[in-house]
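Structure record follows, encoded as structure tokens.
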Amino acid sequence: MGSLYGSLVVPRSRSCGRVFVVVVFCCLSFLIGSSLGSKARHFKWEAEYMFWSPDCIEHVVMGINGQFPGPTIRATAGDTIVVELTNKLHTEGVVIHWHGIRQFGTPWADGTASISQCVINPGETFVYRFKVDKAGTYFYHGHYGMQRSAGLYGSLIVDLAEGEKEPFHYDGEFNLLLSDWWHQGAHEQEVALSSNPFRWIGEPQALLINGKGQYNCSLAAHFSNSSSILCKLRGNEQCAPQIMHVLPNKTYRLRVTSTTALASLNLAIGNHKMVVVEADGNYVQPFAVNDMDIYSGESYSVLITTDQDPSMNYWVSISVRGRLPKTPQGLTILNYHPTSGSKLPTLPPPVSPLWNDYAHSKSFSNKILALMGSAKPPTNYHRRITLLNTQNKINGFTKWSINNISLALPATPYLGSIKYGLKNAFDHQSPPENFPEYYDVMKPPVNPNSTQGSGVYMLGLNSTVDVILQNANALDANVSEIHPWHLHGHDFWVLGYGEGRFSKKDEKKLNLKNPPLRNTAVIFPYGWTALRFVADNPGVWAFHCHIEPHLHMGMGVVFAEGVQYLKKIPRDALACGLTGKLFMNNKN
Ligand SMILES: O=C1O[C@H]([C@@H](O)CO)C(O)=C1O
């Protein structure tokens, strides 16, 4: 039986002791900050395809060092992470993106193919070296083609620097990395999505918690009317649920991240409330919920108190939201000591809100506010870019477009072509800042024909940028979908969500007082989301829908800022395309 136990009773809040020496040491290290204890953490990783059974059915998955999900990185704020990644795939490149890490001063380590680096070729090794400057719950994943869908992901947890204290107390912690799984391989999915006629990938076959799921059985079979069979708790280590073993009357921190390819999820724990304290590596004003939505690309920490009857066990469930669910609930068990971990809960699993109860989702999103004392956004912006999200056609192929441009990535990474002024590397026309007044976001596009482009929004270094993400109707009437947008290289403030087309009157409703800082924000069907960020990180950064097939279909844009101020970009990152040629010519 897979068992999931965090640090069982490890007090996380550290305080300076009473003994003088300890006081001096603690307080000194507090004053000096993270620099004292910070260190380099080295990892040697090999990315490879392997046979694995995430939902008890054997498939090819992408793993790291023989593990799926990949190894968890645990570091302390201020540390330098060094990952020597060797590509052991036979015939395909690879990169890894460190989701939520801003990469200040190391934009070439962001791990985005065609944007921040060339893919690592089979047999080659690339060294990712970057600082984790902010404590929080993060993850990493492939960012080339649909390698995240193939299973290339894992957790990255950054603890507070020595001497610093969390604004909440907990006794132990668990890590829940959530994902979705298809039986159709990622390559076949790529071809399906890029074919004419278009073939949609459909809904996932299983939801995974820490890479483990149940396909044709259910842990809660005895509660359902269907003939589904009871899953085994023991036997197949690769798919047996990891039981969460807890002691009564303690507080646990659950670090929850979603790296789903498609599914928006709702997480609930039978009989237990969750207090949300962190979102995307930033503290939030704590609030309690019975269930919570989590979109692809997001991370949260929630606190649970084990104050229920210890002679029982409880369900931990994840279910699909925002799309007609065709995937069974993902389940595991919260097991109270000394009750046996194999005792199934006596109550049925939590019933998740209806998939299209968006009022419920919006109410959750609107509760997320910055913890008092958090950094506030600048009160004014220099530039506002409105990004209309539409589903389109290009020569009969189905795409997603932003202001009528579907993103097509160039062969030479932007970081190199912008730095070295290579004019032919991509489309130098700046993409549109807005969409036409007459466009009706409530209806399918009148003229769905779109174009592909590789254009970049060039942002003034240190300028304040507002982005209004505008959702619209897809190609079919009465369909508008959820899209979680993720920004690389920055956190942004989420100033607000609204219905219909963003207009002048919405301006007054924006929250400049305590908006949460995040790196991923959702747009609800037929709605808008307003974001603000400061372009203070020289580099080239992707901003895109975190739904993997949607990005594959062009749903993203690229921001560049201050690239000319970058002194030395490691040549290893740019040894392909026109930069590769440039380096070769310079050598001769
Ligand atoms: O991009 C998508 O395509 C399908 C559908 O719109 C067309 O089959 C779907 O549900 C998406 O999210």
Side-chain angles (χ1 to χ4, degrees), residues 145-146 148-149 179-184 186-207 258-266 293-298 319-327 354-356 358 361 387-409 440-452 469-486 520-527 529 542-557:
M146 287 178 57
R148 180 159 56 90
S149 297
S179 57
D180 44 8
W181 185 250
W182 277 256
H183 291 169
Q184 185 182 40
H187 288 134
E188 213 172 320
Q189 292 184 32
E190 285 174 350
V191 176
L193 296 165
S194 321
S195 290
N196 183 8
F198 177 69
R199 297 194 205 176
W200 177 240
I201 59 165
E203 297 301 311
Q205 274 65 61
L207 301 178
S258 174
T259 183
T260 56
L262 174 67
S264 304
L265 300 173
N266 183 265
D293 285 342
I294 176 162
Y295 304 97
S296 178
E298 291 187 328
S319 338
V320 170
R321 302 276 284 129
R323 305 180 67 93
L324 189 62
K326 293 183 180 145
T327 315
L354 274 186
W355 70 272
N356 55 359
Y358 293 113
S361 307
L387 300 176
L388 172 71
N389 292 227
T390 54
Q391 198 180 25
N392 297 84
K393 292 273 181 186
I394 298 181
N395 302 327
F397 292 88
T398 304
K399 300 281 175 191
W400 287 91
S401 294
I402 305 307
N403 292 347
N404 217 29
I405 296 181
S406 187
L407 182 64
L409 292 171
D440 186 348
V441 299
M442 306 306 282
K443 302 237 171 73
V446 178
N447 172 9
N449 288 330
S450 181
T451 50
Q452 279 190 313
L469 284 165
Q470 178 66 59
N471 210 343
N473 198 105
L475 283 169
D476 287 339
N478 303 316
V479 176
S480 183
E481 298 180 354
I482 278 180
H483 302 286
W485 276 75
H486 170 61
T520 304
V522 65
I523 40 172
F524 291 109
Y526 299 109
T529 299
F543 181 45
H544 62 91
C545 175
H546 210 261
I547 291 177
E548 186 95 315
H550 288 179
L551 176 57
H552 182 77
M553 293 160 74
M555 201 170 200
V557 296

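Everything numeric in this text was worked out from a predicted model, so none of it was measured. Counting starts at 1 for both ligands and their atoms, in listed order.
- Within ligand 1, the atoms closer than 4.0 Å to a non-hydrogen atom of His550 are 1 (O), 2 (C), 11 (C), 12 (O), numbered from 1 in the order shown.
- Scanning the protein for heavy atoms near atom 1 (O) of ligand 1, the closest one is Trp400 NE1, 2.9 Å.
- Numbered from 1 in the order shown, with element, the atoms of ligand 1 that lie under 4.0 Å from a heavy atom of Phe198 read 3 (O), 7 (C), 8 (O).
- Of the protein's non-hydrogen atoms, the one nearest atom 2 (C) of ligand 1 is Trp200 CZ3, 3.3 Å.
- Panel note: side chain Arg321, backbone Ala263; no donor-acceptor pair is recorded below 3.5 Å.
- When each atom of ligand 1 is checked for a heavy atom of Met553 under 4.0 Å away, the hits are 1 (O).
- At distances below 3.5 Å, not a single donor-acceptor pair connects side-chain atoms of Tyr295 with backbone N or O atoms of Ile547.
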### Task
Output, in order, the C-alpha distance, side-chain angles, deciding distance and verdict of side chain to side chain contact (heavy atoms under 4.5 Å, CB included) for Val522 and His483.
CA-CA 6 Å; Val522 65; His483 302 286; over 6 Å; no
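- Among all non-hydrogen protein atoms, the one lying nearest atom 9 (C) of ligand 1 is Glu481 OE2, 3.3 Å.
- Summary of contacts: the protein heavy atom closest to atom 6 (O) of ligand 1 is Gln391 NE2, 3.0 Å.
- The backbone N or O of Leu262 sits less than 3.5 Å from a side-chain atom of Asp180, completing a donor-acceptor pair.
- Nearest non-hydrogen protein atom to atom 10 (O) of ligand 1 is Arg323 NH2, 2.6 Å.
- Using the six-membered ring where Trp is involved, Trp200 and His550 have ring planes that are tilted, between 30° and 60° apart.
- Between the side chain of Glu190 and the backbone N or O of Met146 there is at least one donor-acceptor pair closer than 3.5 Å.
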